[in-house]
Amino acid sequence: MRHVIIIGSGPAGYTAAIYAARANLEPLVIASSVEAGGELMNTTDVENFPGFPEGIQGPDLMTKMQEQAERFGAEVVYDDVVDLDISGPVKRVTLGSGAVHEATSLIYATGSAHRKIGIAGEERLSGRGVSYCATCDGFFFRERAIAVVGGGDSAMEEATFLTKFASKVYVIHRREELRASKIMQERAFANPKIEFVWNSEVADIVGDEAVTGVVLRSTVDGTLTELPLEGVFVAIGNDPRTHLVHDKLELTSAGTIWVDGRSSRTSQHGVFAAGDVIDPTYRQAVTAAGTGTVAALDVEHFLASLGEAGAPDVVGDQIEGLAEVRA
């Protein structure tokens, strides 16, 4: 029986692990078997995380966070959660390997997943010219004409990065102005390889065995045009990864996990949430890390209220007491 299990290994999960480990809670971090480290593993230069004036590569930042958590005693398991039982005082986490871990408290910090356009060609040609990760797949598009779909910071970052490889990068955006921050816009506008296609949305992605182009629909008059391409990078946002708790935790209208005010407390006693899974607005590494701090501190206070913190030998008695209190 553990004090706390943390599901997720992004900035929120690892920050929570650092704080929990330093509080001698010996956290278990469940990192994905294929997506450990979260979205920053697919990011190039991170220039806005405090403490790195020259910037840092996303994967390097996550490696440092993990090393810091492990230094204080956090244990990291590379596996995927397939089932959660969080209704009682004992939180049970079942992994793909079949292993079951139990704890008095749980921090849910699973982040978000790439949002898809939702058209047939996208699914059919995924991995054959359609990508959601420029740093993963950009190398394969050397001297080719490609497109980035989106208008936010992520889209501008992807487009700028892809100019290292592609001969031409079109940015397709459904409006006539970008949502991206000013500095990201300026970089994209100044890049001679980037061309903007305004007031357009992707109606279809065409090609037999690989992408050969996109069909664009004007958001002004609905007219259709075809743009020859060899690659499409989708960067239109993310959706919180809440599939494991849809029937277990209260969600907000935005699809994120509901938490009580500025705390990390969810609708389930002993379950806390942090990171993009609770944040539909800011979705920054530094804000995710901040909520990870909140979650760890909330867990520490929760366990202290049970008399459990720092006393693993009385876990069973405290759980029994909690059950009586809740009854």
Side-chain angles (χ1 to χ4, degrees), residues 1-9 12-31 69 72-77 79-110 240-252 256-275 277-278 291-327:
M1 174 70 68
R2 294 178 179 267
H3 293 303
V4 58
I5 294 173
I6 300 169
I7 302 177
S9 56
Y14 276 139
T15 302
I18 291 167
Y19 273 75
R22 291 186 73 252
N24 296 320
L25 299 182
E26 301 175 336
L28 174 66
V29 179
I30 308 297
F72 293 114
E75 179 184 351
V76 179
V77 173
D79 205 339
D80 299 303
V81 178
V82 296
D83 188 54
L84 285 177
D85 181 358
I86 55 176
S87 59
V90 177
K91 315 306 176 186
R92 294 183 177 87
V93 180
T94 303
L95 305 182
S97 64
V100 178
H101 296 277
E102 298 182 341
T104 313
S105 63
L106 183 141
I107 296 175
Y108 196 83
T110 52
R241 288 190 174 102
T242 57
H243 60 285
L244 288 170
V245 295
H246 277 180
D247 57 345
K248 298 176 175 66
L249 295 178
E250 183 179 344
L251 304 180
T252 69
T256 54
I257 294 175
W258 175 88
V259 291
D260 183 14
R262 296 188 64 186
S263 79
S264 65
R265 295 186 297 272
T266 71
S267 57
Q268 183 62 54
H269 197 60
V271 178
F272 306 83
V277 79
I278 67 170
T291 61
T293 301
V294 171
L297 294 176
D298 283 347
V299 163
E300 188 176 356
H301 295 156
F302 169 73
L303 295 176
S305 73
L306 303 179
E308 183 177 324
D313 56 321
V314 298
V315 168
D317 292 339
Q318 297 306 328
I319 288 176
E320 182 178 351
L322 174 60
E324 292 175 356
V325 170
R326 295 189 67 191

K.L.:
Give, for atom CG of Leu25 and atom CG of Leu28, the distance between the pair rounded to the nearest 0.5 Å.
P.N.:
13.0 Å
K.L.:
If I compare all heavy atoms of Val76 with all of Ala31, which pair ends up nearest, and what's the gap?
P.N.:
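Shortest heavy-atom contact: CG1-CB, 4.0 Å.
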K.L.:
Does the Thr15 side chain pair with the main chain of Ala12, one donor and one acceptor, at a distance under 3.5 Å?
P.N.:
no
K.L.:
Can you confirm whether Leu106 sits close enough to Val93 that some side-chain heavy atom of one is under 4.5 Å from a side-chain heavy atom of the other?
P.N.:
yes
K.L.:
Once you round to the nearest 0.5 Å, how far does CG of Leu251 lie from CD1 of Ile278?
P.N.:
12.5 Å
K.L.:
With side chains defined as the heavy atoms from C-beta onward, is the minimum distance between Val277 and Thr256 less than 4.5 Å?
P.N.:
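No; the side chains remain at least 4.5 Å from each other.
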K.L.:
Please give me the minimum heavy-atom distance between Arg2 and His101, naming the atom from each residue.
P.N.:
NE-ND1, 4.5 Å
K.L.:
Any non-hydrogen side-chain atom of Thr266 less than 4.5 Å from a side-chain atom of Tyr108?
P.N.:
no
K.L.:
Drop me the distance from Leu249's CG to Trp258's CH2, to the nearest 0.5 angstrom.
P.N.:
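So the gap between those two atoms works out to 10.5 Å.
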K.L.:
Closer than 3.5 angstrom, by distance alone: can the side chain of Ser105 be matched with the main-chain N or O of Gly270 as a donor-acceptor pair?
P.N.:
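Checking the backbone N and O of Gly270 against the side chain of Ser105, no donor-acceptor pair under 3.5 Å is found.
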K.L.:
Do any N or O atoms from the side chain of Asp79 and from the backbone of Ser97 form a donor-acceptor pair under 3.5 angstrom?
P.N.:
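It does hold such a pair.
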K.L.:
What heavy-atom pair brings Asp260 and Ser263 nearest, and what distance separates the two atoms?
P.N.:
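Closest approach of Asp260 to Ser263, heavy atoms only: O-OG, 2.6 Å.
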K.L.:
For a 4.5 angstrom cut-off between non-hydrogen side-chain atoms, does Glu75 reach Val29?
P.N.:
no
K.L.:
Where do Val4 and Ala20 come nearest, in terms of heavy atoms and distance?
P.N.:
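Heavy-atom minimum between the residues: CG1-CB, 4.4 Å.
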K.L.:
Tell me, do Asp80 and Leu95 make a side-chain contact under 4.5 Å, heavy atoms counted?
P.N.:
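No - every pair of side-chain heavy atoms lies 4.5 Å or more apart.
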K.L.:
If you look at every heavy atom in Val294 and Arg262, which pair is closest and at what distance?
P.N.:
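Reported closest heavy-atom pair: CG1-O, 3.8 Å.
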K.L.:
Does the pair Thr104 and Leu303 meet the rule for a side-chain contact (heavy atoms from CB on, under 4.5 Å), with working shown?
P.N.:
CA-CA 8 Å; Thr104 313; Leu303 295 176; 4.0 Å; yes
K.L.:
Would you mind reporting whether Asp85 and Lys91 have side-chain heavy atoms less than 4.5 Å apart?
P.N.:
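No, their side chains stay 4.5 Å or more apart.
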K.L.:
Does a side-chain heavy-atom distance below 4.5 Å link Ile107 with Ile5?
P.N.:
no
K.L.:
Ignoring hydrogens and geometry, is there a side-chain-to-backbone donor-acceptor pair from Thr242 to Ile257 under 3.5 Å?
P.N.:
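The answer is no, because no donor-acceptor pair under 3.5 Å joins these two groups.
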K.L.:
Ignoring hydrogens and angles, tell me if any N or O in the side chain of Ser264 forms a donor-acceptor pair with the backbone of Ala274 under 3.5 Å.
P.N.:
no
K.L.:
Taking side chain as C-beta onward, heavy atoms only, is Arg92 less than 4.5 Å from Leu84?
P.N.:
no
K.L.:
Just verifying a value: how many Å separate Gln268 CD and Ser87 OG, rounded to the nearest 0.5 Å?
P.N.:
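Answer rounded to 0.5 Å: 6.5 Å.
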K.L.:
Which heavy-atom pair separates Ser267 from Glu250 by the least distance, and what is that distance?
P.N.:
OG-N, 2.9 Å
K.L.:
Assess whether ring-ring contact (aromatic ring centres under 6.0 Å, His included) is satisfied between Phe272 and Phe302, documenting all intermediate values.
P.N.:
CA-CA 10 Å; Phe272 306 83; Phe302 169 73; 5.8 Å; yes
K.L.:
Quick check: does any side chain N or O of Thr110 sit under 3.5 Å from a backbone N or O of Gly8, one acting as donor and the other as acceptor?
P.N.:
no
K.L.:
Is the closest basic N to carboxylate O distance between Glu300 and Arg22 below 4.0 Å?
P.N.:
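No.
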